[in-house]
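Shown next, in structure tokens, is the structure this report addresses.
Values below: every heavy atom of this structure, side chains too, minus hydrogens, waters and symmetry copies.
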Amino acid sequence: MQAIPMLISIHSNAHRDEANEDETLTMLTSGVLELYENRAVIRYEETLEEGMPAQRVTVTIENDVATMSRNGDYATDMVFRMGCRYEGQYHTPYGDMELAVYCTRLRYDLAEDGGELLLSYQLDLNGRFAAVHDMELRLMRQGDD
């Protein structure tokens with residue numbers, strides 16, 4: 001399948017608790033979308049902090065399950081399936097942590113001209129509540145093809 005160049009807008013909110021303000025991340029990056037008969041793959045690079053190297057992110061959506069793999073200094077694999085909990089590892093330069101996600105929203109609509117992926121999930125680190133995340137990826141096709 002051909003990799004279709006995309007401009008990707010990422011907007012994420014982390015709701016920690018009532019006492020703290022939400023942590024918001026907005027980013028614009030380039031990437032590609034690969035569409036198969038029953039699967040979509042989104043690939044892009046993101047920079048978590050200025051001065052840090054970019055990290056490769058791959059999101060695969062198949063059979064109403066989204067998997068997100070992040071490589072680099074802060075590496076992890078997360079699986080999002082509505083109403084299901086996934087446990088894994090979060091690797092950092094400071095050590096590894098147990099990670100768990102519980103997906104409460106998974107919606108997507110992807111085509112050759114772009115689309116969107118909407119995720120909501122609870123994130124636990126080392127067995128303790130960390131935040132509720134709302135994440136939106138919006139894709140717009142680049143180029144004249």
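When hydrophobic residues (I, L, V, M, F, W, Y) are linked wherever their side-chain heavy atoms come within less than 4.5 Å, L118 remains an isolated member.
With sequence neighbours excluded, the residues that form a ring-ring contact (aromatic ring centres under 6.0 Å, His included) with Y121 are F80, H133. The salt bridge (charged side-chain N to carboxylate O under 4.0 Å, His left out) check on R81 picks up nothing, with sequence neighbours excluded. Legend: residues meeting side chain to side chain donor-acceptor pair (under 3.5 Å) with Q122, ordered by chain and number and at least two apart, are D124. By the ring-ring contact (aromatic ring centres under 6.0 Å, His included) test, H91 is found to be paired with no residue, residues two or more places apart in sequence or in another chain being considered.
Under the 3.5 Å distance criterion, the side-chain polar atoms of Q55 are matched with a main-chain donor or acceptor of D73. Judged by distance alone, the side chain of T29 and the main-chain N or O of E45 form a donor-acceptor pair under 3.5 Å.
Hydrophobic clustering (side-chain heavy atoms under 4.5 Å, transitive across Ile, Leu, Val, Met, Phe, Trp, Tyr) groups V79 together with L123. In the hydrophobic clustering of this structure, M97 does not group with Y102; members are Ile, Leu, Val, Met, Phe, Trp, Tyr whose side-chain heavy atoms approach within less than 4.5 Å, directly or through other members. No single ILVMFWY cluster, assembled from side-chain heavy atoms under 4.5 Å apart, contains both Y44 and V32. Linking ILVMFWY residues whenever their side-chain heavy atoms come closer than 4.5 Å, directly or via other members, leaves L7 and L117 in distinct clusters. Both I42 and M27 sit in one connected hydrophobic cluster of ILVMFWY residues. Membership requires side-chain heavy atoms under 4.5 Å apart, directly or through other members.
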Quiz item: Please walk me through it: do L35 and E112 pass side chain to side chain contact (heavy atoms under 4.5 Å, CB included)?
Solution: CA-CA 8 Å; L35 294 171; E112 289 186 11; 4.0 Å; yes

Quiz item: What's the verdict on side chain to side chain contact (heavy atoms under 4.5 Å, CB included) for S120 and M135, showing C-alpha distance, side-chain angles and the deciding distance?
Solution: CA-CA 6 Å; S120 295; M135 184 176 190; over 6 Å; no

Practice problem: In sequence, state the C-alpha distance, the side-chain angles, and the governing distance for L137 and Y108, and then conclude on side chain to side chain contact (heavy atoms under 4.5 Å, CB included). | Solution: CA-CA 9 Å; L137 273 72; Y108 56 92; over 6 Å; no

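Taking a cutoff of 4.0 Å between a charged side-chain nitrogen and a carboxylate oxygen, R39 and E37 do not qualify as a salt bridge. Ion pairing of R43 with E34 is present here, as a side-chain N (NZ or NE/NH1/NH2) and a carboxylate O approach within less than 4.0 Å.
Atom CE of M82 and atom CZ of R105 lie 10.0 Å apart (nearest 0.5 Å). Atoms CE and CG, from M6 and L33 in turn, are 4.5 Å apart once rounded to the nearest 0.5 Å.
You'll find the side chain of L125 reaches within 4.5 Å of the side chain of L99, heavy atoms only.
Within the structure, the salt bridge (charged side-chain N to carboxylate O under 4.0 Å, His left out) test picks out no pair touching residues 52-68 (sequence neighbours left out).
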